[in-house]
> 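I'd like to ask you about the structure that follows.
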2 protein chains.
Amino acid sequence: MSKKKGDKKAKSGKKKDLEGLSAADLAPAITQAARSMRTLLSRSLGETGLYAGQDGVILMLAEEDGLTPGQLALRLGVKAPTMTRTIGRMEAQGFLERRADGMDGRLTKVHLTETGLQSVEQIGRSVADCGSLAAKGLSDKEVRTLLKLLRTIEHNLQPALTED
Amino acid sequence: MSKKKGDKKAKSGKKKDLEGLSAADLAPAITQAARSMRTLLSRSLGETGLYAGQDGVILMLAEEDGLTPGQLALRLGVKAPTMTRTIGRMEAQGFLERRADGMDGRLTKVHLTETGLQSVEQIGRSVADCGSLAAKGLSDKEVRTLLKLLRTIEHNLQPALTED
DNA sequence: GCACGGAATTAAATTGTTTATTTAAAATTT
DNA sequence: AAATTTTAAATAAACAATTTAATTCCGTGC
């Protein structure tokens with residue numbers, strides 16, 4: 001029995017050695033890229049006292065302050081309990097604060113503190129720098145292609161994660 | 001002052017609405033795709049009793065049994081301590097076992113158990129299925145393009161994570 | 001008045017990283 | 001050749017993100 005990879009057709013050896021690769025290799029590839037990205041971003045963020053995962057919360061609140069944990073979780077693609085924990089830590093660290101909603105007692109609204117606001121710029125820079133380093137050698141068009149493909153994947157996966 | 005996004009040139013609105021996107025959006029996009037992938041894979045793997053992150057260990061050992069924790073960590077793109085703990089849990093779960101190396105007292109070799117071997121096929125299927133679902137609607141060429149771009153990113157990030 | 005649903009939280013399990021410790025092999029020095 | 005230093009591999013401990021499952025609390029409707 002032959003191996004699973006590398007014996008498809010050996011078409012013409014034109015481009016690179018991506019011959020036997022297919023959708024089955026997607027999960028590992030994305031996982032690994034994300035891990036590297038996360039580690040690098042974490043280090044870059046380290047100076048601000050933030051962790052990778054918290055950056056999105058700050059940036060989202062910078063765009064629209066006073067979001068609820070549920071709204072933040074939804075927009076950042078994370079489950080609610082994750083957001084609760086992250087918000088808790090960030091509140092303890094002084095980046096944001098929770099305020100009860102006057103109208104609806106079930107809601108909590110999250111607001112950036114002065115410290116949080118001051119960190120926005122540097123966080124944006126770290127995220128952008130990380131992306132730039134990752135995209136080194138790629139044309140703008142290639143970057144947009146990559147983003148488009150990632151968006152497609154996300155779009156394909158979303159329903160499977162929501163349904164039950 | 002204008003916003004940072006969406007006012008580049010508005011070139012011609014040809015393709016989609018990817019106008020203002022650039023490298024700065026890479027980190028969030030990859031992170032989110034990886035999260036979705038991981039969650040879906042985790043659910044698919046749930047029946048075998050495995051967690052996302054453990055699948056790679058099994059598949060790697062299926063290709064080459066008796067690797068050391070360090071080799072596994074290197075090949076799976078994870079730090080050594082992560083591998084040590086994961087191996088420990090998987091050993092407790094009965095999927096693999098550690099054996100001391102006779103030659104070099106520092107080395108530990110990791111071997112699949114019968115249970116581990118039996119899980120290989122289903123894990124491979126889960127990973128592949130997850131990739132297939134993610135790639136739904138994409139041509140083979142697009143998938144290969146995506147893999148190539150991810151590989152480039154990984155290649156760009158690697159040095160920054162190793163150096164120090 | 002009481003049941004149902006939604007929002008937030010808590011609890012438990014795991015991967016992941018960084019920093020620091022242990023133990024064994026290699027290299028260097030005396 | 002013996003002792004000391006250095007390097008390498010595995011592990012331990014501490015901290016954060018993430019998910020699922022279960023709980024609590026509040027608002028609405030029957």
Side-chain angles (χ1 to χ4, degrees), chain A residues 31-46 48-57 67-74 76-93 95 98-110 160-162 164, chain B residues 31-32 34-57 67-74 76-93 95 98-110 160-162 164:
Chain A
T31 299
Q32 184 124 344
R35 252 194 309 243
S36 299
M37 199 75 115
R38 175 204 174 89
T39 298
L40 186 65
L41 183 56
S42 230
R43 292 183 189 173
S44 172
L45 246 35
T48 73
L50 281 171
Y51 243 79
Q54 304 181 328
D55 56 305
V57 180
L67 291 169
T68 67
Q71 288 174 321
L72 281 166
L74 188 63
L76 292 173
V78 152
K79 297 294 180 297
T82 304
M83 196 44 66
T84 292
R85 272 178 85 105
T86 296
I87 288 173
R89 288 196 217 269
M90 293 177 75
E91 186 172 30
Q93 290 172 305
F95 290 102
R98 280 184 251 228
R99 296 183 203 153
D101 182 288
M103 299 296 110
D104 192 331
R106 294 169 301 183
L107 298 179
T108 300
K109 291 197 168 177
V110 185
L161 297 178
T162 309
D164 198 38
Chain B
T31 300
Q32 183 119 348
R35 247 193 312 243
S36 298
M37 201 75 115
R38 177 199 175 89
T39 299
L40 186 64
L41 184 56
S42 228
R43 292 185 189 173
S44 172
L45 244 37
E47 304 164 7
T48 72
L50 282 170
Y51 277 77
Q54 303 183 328
D55 55 304
V57 180
L67 291 169
T68 68
Q71 289 174 319
L72 280 166
L74 188 64
L76 293 173
V78 151
K79 298 292 182 297
T82 304
M83 193 47 63
T84 291
R85 210 183 31 192
T86 295
I87 287 173
R89 291 198 208 274
M90 292 178 75
E91 185 171 33
Q93 290 172 308
F95 289 102
R98 279 184 252 226
R99 296 185 203 154
D101 182 287
M103 297 298 109
D104 191 331
R106 297 170 299 181
L107 298 180
T108 300
K109 293 198 168 176
V110 185
L161 297 178
T162 309
D164 195 36

> Donor-acceptor pair, distance only, cut-off 3.5 Å: does the side chain of B:Gln54 make one with the backbone of B:Met90?
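Such a contact is absent between B:Gln54 side chain and B:Met90 backbone.
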> Looking only at the side chain of A:Gln54 (C-beta and beyond, no hydrogens), which of the listed nucleotides D:dA17, D:dC26, D:dT18 gets closest?
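Of all the options, the side chain of A:Gln54 is nearest to D:dA17.
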> Once you apply a heavy-atom cut-off of 4.0 Å, does B:Met103 come out as touching a base, just sugar-phosphate, or nothing?
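The answer is sugar-phosphate, as B:Met103 gets under 4.0 Å only of primed atoms, P, OP1 or OP2.
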> If I take atom CG in residue A:Leu72 and atom C1' in nucleotide C:dA7, what distance separates them, rounded to the nearest angstrom?
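That distance rounds to 13 Å.
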> I'd like to know if the side chain of B:Thr86 and the backbone of B:Thr82 have a donor-acceptor N/O pair within less than 3.5 Å.
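Confirmed, B:Thr86 side chain pairs with B:Thr82 backbone.
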> Between P on C:dT23 and CZ on B:Arg106, what's the gap in Å once rounded to a whole number?
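In whole Å, C:dT23 P lies 15 Å from B:Arg106 CZ.
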> Roughly how many Å is it from CZ in B:Arg35 to P in C:dT15, rounded to a whole number?
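Taking CZ of B:Arg35 and P of C:dT15, I get 18 Å after rounding.
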> Give B:Thr86 one of three labels, base, sugar-phosphate or nothing, depending on what nucleic acid heavy atoms sit under 4.0 Å from its own.
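Here B:Thr86 touches the backbone only, sparing every base.
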> Between C:dT18 atom P and A:Leu40 atom CG, what is the distance in whole Å?
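Rounded to whole Å, this separation is 10 Å.
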> Looking at A:Arg38, does any N or O in its side chain come under 4.0 Å of the phosphate oxygens OP1/OP2 on C:dT17?
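No, no such contact exists.
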> By nearest heavy atom, map B:Asp104 and B:Ala52 onto DNA chain C; which one lands nearer the 5' end?
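Going by which nucleotide is closer to the 5' end, it is B:Ala52.
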> Does B:Arg85 get its side chain close enough to the base of C:dG16, under 3.5 Å, for a donor-acceptor pair?
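Result: at least one qualifying N/O pair found.
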> May I ask you to test the B:Thr31-A:Leu41 pair for a side-chain heavy-atom distance under 4.5 Å?
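No. Closest side-chain heavy atoms not under 4.5 Å.
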> Indicate, with a heavy-atom threshold strictly under 4.0 Å, whether B:Arg89 touches base, sugar-phosphate, or nothing.
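Counting heavy atoms under 4.0 Å across all strands, the contact made by B:Arg89 includes a base.
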> For a quick check of understanding: with a heavy-atom distance under 4.0 Å over all strands, which category does B:Pro69 fall into, base, sugar-phosphate or nothing?
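The answer is sugar-phosphate, as B:Pro69 gets under 4.0 Å only of primed atoms, P, OP1 or OP2.
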> Is there a side chain to side chain contact (heavy atoms under 4.5 Å, CB included) between B:Leu161 and A:Arg43? Walk through the geometry before answering.
CA-CA 9 Å; B:Leu161 297 178; A:Arg43 292 183 189 173; 4.2 Å; yes
> Which nucleotide, C:dT14, C:dT10, C:dA8, lies nearest any side-chain atom of B:Tyr51?
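The closest nucleotide is C:dT14.
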> Please work out if A:Ser42 contacts a base, only the sugar-phosphate, or nothing of the nucleic acid, heavy-atom cut-off 4.0 Å.
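Nothing, no nucleic acid heavy atom in range.
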> Using whole Å, what does the distance between atom C1' of nucleotide D:dA17 and atom CG of A:Leu50 come to?
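From A:Leu50 CG to D:dA17 C1': 14 Å.
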> Please report, rounded to the nearest Å, how far the P atom of D:dA9 is from the CG atom of B:Leu67.
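Answer to the nearest Å: 14 Å.
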> What's the closest nucleotide to the B:Thr82 side chain, out of C:dA25, C:dG16, C:dT14?
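My answer, after comparing the listed nucleotides, is C:dG16.
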> From C:dA8, C:dG16, C:dT9, pick the nucleotide closest to the side chain of A:Thr68?
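Nucleotide nearest to A:Thr68's side chain: C:dA8.
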> Quick one: does any side-chain atom of B:Glu91 pair with a main-chain N or O of B:Arg98 as donor and acceptor, under 3.5 Å?
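The answer is yes, because a donor-acceptor pair under 3.5 Å joins these two groups.
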> A quick test of your reading: do over 12 heavy atoms of other residues, nucleotides or ligands sit less than 6.0 Å from NZ of A:Lys109?
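No - once you tally the heavy atoms of other residues, nucleotides and ligands closer than 6.0 Å, there are 12 at most.
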> Between A:Asp101 (CG) and C:dA8 (P), how many Å, whole number?
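The answer, rounded to whole Å, is 10 Å.
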> Reading DNA chain D from 5' onward, which residue's closest nucleotide shows up sooner: B:Ile87 or A:Pro81?
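Its nearest nucleotide being more 5', the pick is B:Ile87.
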> Using heavy-atom distances to pick each residue's nearest nucleotide on DNA chain D, tell me which of A:Met83 and A:Gly102 is more 5'.
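It is A:Met83 whose nearest nucleotide is closer to the 5' end.
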> What integer distance in Å separates B:Met37:CE from D:dT19:C1'?
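To the nearest whole Å, that distance equals 17 Å.
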> Under 4.0 Å between any heavy atoms, over every strand shown, what does B:Thr84 touch: base, sugar-phosphate, or nothing? Just pick one.
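Base, at least one base heavy atom under 4.0 Å.
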